[in-house]
Amino acid sequence: MLLGITTVSAKDSAMAGEGEKGDCIGWAARDASGVLSPYKFNRRSLGNDDVFIKITHCGVCYADVIWTRNQHHDSNYPLVPGHEIVGVITEAGASVTCFKTGDLVGVGTYVNSCRECEYCNAYTEHHCAKGATRTFNSIDIDGTFTKGGYSSYIVVHQRYCFLIPEGYPPAMAAPLLCAGITVYSPMKRYHMNQPGKSLGVIGLGGLGHMAVKFAKSFGLNVTVFSTSASKQEEALKILGADKFVISSDKQQMQSLTKSLDFIIDTASGKHPVDAYVSILKPHGVLVIVGAIGEVKLQSLDLIYGSKAIAASAVGGTKDIQEMIGFCAANKIYPQIETIQIQDINEALDRLVNRDVKYRFVIDIENSLK
């Protein structure tokens, strides 16, 4: 998740441009209750390098819960969430060369960066030295707050849009823009794509189920760790994992000591990491992609085993486009539950209660009126 810096003057300027009128229809939270309701506003004007995207679908990420309910104490209301956006380009600026009218494209967790620093030049824009501009709840170039994909359209610089290959279902493309890249990027960076190697996946939610799908496509032997025995059949028979382990069962966990090359921790909320470190083989790597809070470890197991712990969040534009192409070529599709925008408040509550398999996607095109 990307955190921008908002100065007092910028915030005042942004709020001055807000109002309950405009040609863009969205659903917004007005306060920390997080309850969303219809809201009208104006987008910034189309620039030379911008595209105008008529939104058809938007995935529902836990980030939408965090910021609509002000859990990081930096939410600016009215707040329109949504950073897993898919839609059709209906207009393009004069300098746009990457896309044309009619293209199906995606927009992820950020919509701008400085495009000058070493990180932007390396196409890791999410690490921009000046801070990437988040798709919602950040200051846009016109001084207003960015607003996300729970809306009818969006205006975005062409660099931060991604072509969805012909034939890939738009609704299924949406979760790739956050959940997909959040696991794909570290799996690539830490070489978790070597056929025959072994990977453990902690948690089987929106991120975890994508990690399993990528891992099997890479040719890895996959073990899923979960606290819920009810997910065993899904993990083994539907997602194709090779083994399922109840993480609270000490005997099962101890039987796996020094057995896995890699582990990716997709679970959110506080949970111990030490037990998983012992499961890594020497020189193994554990990557944390879920927000688990404080991490406590005994260093000796890391030292004696020459093991490493890392963390990761989303990815750069080059990796995102590569990941989308990989999914299309290998027929990797997220498992989704499509909802109407009118059901979003119930869906957010269900997401908090982990009652979704495995990603909600809002049918914006057919329900936002």
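One-based numbering along the sequence shown. Only this structure's heavy atoms are used, side chains among them; waters, hydrogens and symmetry mates stay out.
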Note to self: Go through it in stages, so that I can follow the logic: the residues are Arg30 and Ser37, the test is side-chain hydrogen bond (donor to acceptor under 3.5 Å, both in side chains), and I'd like the CA-CA distance, side-chain angles, deciding distance and then a yes or no.
What the structure shows: CA-CA 8 Å; Arg30 281 14 184 248; Ser37 58; 2.5 Å; yes
Checklist line | Step-by-step side-chain contact (heavy atoms from CB on, under 4.5 Å) determination, Tyr110 to His83 | finding: CA-CA 8 Å; Tyr110 53 94; His83 61 202; over 6 Å; no
Next item on the list: Go through the steps for Ser151 and Ile55 under the test side-chain contact (heavy atoms from CB on, under 4.5 Å), then give the verdict.
Entry: CA-CA 7 Å; Ser151 56; Ile55 298 172; 3.6 Å; yes
Notebook entry, point to check: Taking it one step at a time, do His157 and Arg115 satisfy side-chain contact (heavy atoms from CB on, under 4.5 Å)?
Noted result: CA-CA 11 Å; His157 188 287; Arg115 300 191 290 279; 3.7 Å; yes
Note to self: Please evaluate residues Ile279 and Ser259 with respect to the criterion side-chain contact (heavy atoms from CB on, under 4.5 Å), reporting the C-alpha separation (whole Å), side-chain torsions for both, the decisive distance (0.1 Å), and the verdict.
What the structure shows: CA-CA 6 Å; Ile279 290 172; Ser259 66; 3.9 Å; yes
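Here the closest non-hydrogen pair linking Ile364 and Gly149 is CD1-O, 3.7 Å. Nearest heavy atoms, Val224 versus Val212: CG2-CG2, 3.8 Å. Residue Pro186 comes nearest to Ile264 through the heavy atom pair CG-CD1, 4.2 Å, listed as atom of the first residue, atom of the second, then distance. The two atoms that bring Arg159 and Cys120 nearest to each other are NH2-O, 2.6 Å, heavy atoms only.
Looking at Phe218 and Asn330, their side chains never come closer than 4.5 Å, going by heavy atoms from C-beta outward. You'll find the side chain of Val60 reaches within 4.5 Å of the side chain of Ile362, heavy atoms only. Side chains of Ile336 and Met172 form a contact here, defined as non-hydrogen atoms less than 4.5 Å apart. Contact annotation: the side chain of Phe214 approaches that of Cys327 to within less than 4.5 Å [non-hydrogen atoms, C-beta and beyond]. Counting heavy atoms from C-beta outward, Lys258 and Leu280 have side chains that stay 4.5 Å or more apart. In this structure, the side chains of Glu234 and Tyr358 come closer than 4.5 Å at one or more pairs of heavy atoms. A 4.5 Å side-chain heavy-atom check between Tyr168 and Leu104 finds every atom pair outside the cut-off. Using a 4.5 Å cut-off on side-chain heavy atoms (C-beta onward), Ile324 and Ile164 make contact.
Aromatic ring centres of Tyr77 and Tyr39: separated by at least 6.0 Å.
Between Asp142 and Lys147 there is no salt bridge, since none of the side-chain N atoms of the basic residue sits less than 4.0 Å from a carboxylate O of the acidic one. Comment: Asp242 engages Lys216 in a salt bridge, judged by a side-chain N to carboxylate O separation of less than 4.0 angstrom. The pair Arg189-Asp319 fails the salt-bridge criterion, with no side-chain N (NZ, NE, NH1 or NH2) lying under 4.0 Å from an Asp/Glu carboxylate O.
Screening Asp349, Asp31, Asp64 for a salt bridge (charged side-chain N to carboxylate O under 4.0 Å, His left out) involving Arg69 leaves a single residue, Asp349. Checking each of Arg44, Arg43, Gln158 against Asp50 for a side chain to side chain donor-acceptor pair (under 3.5 Å) leaves exactly one that passes, namely Arg44. For the side chain to side chain donor-acceptor pair (under 3.5 Å) with Arg359, the lone residue among Gln335, His209, Glu84 that qualifies is Glu84.
Partners of Arg350 by salt bridge (Lys or Arg N to Asp or Glu O under 4.0 Å), not counting sequence neighbours, listed by chain and number: Glu337, Asp355. For Glu322, the side chain to side chain donor-acceptor pair (under 3.5 Å) partners are Tyr184, Lys188, not counting sequence neighbours. With sequence neighbours left out, the side chain to side chain donor-acceptor pair (under 3.5 Å) criterion links Ser217 to no other residue. Checked against ring-ring contact (aromatic ring centres under 6.0 Å, His included), His271 has no partners two or more places apart in sequence or in another chain. Take Phe262 and apply the ring-ring contact (aromatic ring centres under 6.0 Å, His included) test, not counting sequence neighbours, and it matches no residue.
Distance alone, capped at 3.5 Å, is enough to place a donor-acceptor pair between the Ser367 side chain and the Ile341 backbone. Not a single donor-acceptor pair under 3.5 Å links the side chain of Thr56 to the backbone N or O of Glu365. Counting only distance, with no hydrogens or angles, the side chain of Asn42 and the backbone of Asp23 share a donor-acceptor pair below 3.5 Å. In this structure, Asp265 contributes its side chain and Ala267 its backbone to a donor-acceptor pair below 3.5 Å. Formation of a donor-acceptor pair under 3.5 Å by the Ser268 side chain with backbone atoms of Gly290 is not found in this model. In this structure a side-chain-to-backbone donor-acceptor pair under 3.5 Å is present from Thr135 to Gly108. The backbone N or O of Gly93 sits nowhere less than 3.5 Å from a side-chain atom of Asp49 that would complete a donor-acceptor pair. At least one donor-acceptor pair under 3.5 Å links the side chain of Gln321 to the backbone N or O of Leu163. With hydrogens and angles disregarded, a donor-acceptor distance shorter than 3.5 Å links the side chain of Ser152 to the backbone of Ile25. Although no hydrogens or angles enter the test, the distance criterion places a donor-acceptor pair under 3.5 Å between the side chain of Thr266 and the main chain of Ile202.
Heavy atoms from other residues, nucleotides or ligands lying under 6.0 Å from OH of Tyr119 number 12 at most. More than 12 non-hydrogen atoms from other residues, nucleotides or ligands lie less than 6.0 angstrom from NZ of Lys281. Enclosure of atom CD in Gln340 by more than 12 non-hydrogen atoms of other residues, nucleotides or ligands within 6.0 angstrom is indicated. Around OH of Tyr123, the count of heavy atoms belonging to other residues, nucleotides or ligands within 6.0 Å does not exceed 12.
Listed by first then second residue, pairs satisfying side chain to side chain donor-acceptor pair (under 3.5 Å) with a partner in residues 286-308 read Asp301-Lys307, not counting sequence neighbours.
With hydrogens and angles left out, the side-chain atoms of Tyr160 and Ser113 include a donor and acceptor closer than 3.5 Å. For the 3.5 Å distance criterion, the side chains of Ser75 and Asn70 qualify, holding a donor opposite an acceptor. Inspection of the Trp67 and Asp74 side chains reveals an N or O donor paired with an N or O acceptor under 3.5 Å. There is no side-chain donor-acceptor pair under 3.5 Å between Ser226 and Ser228.
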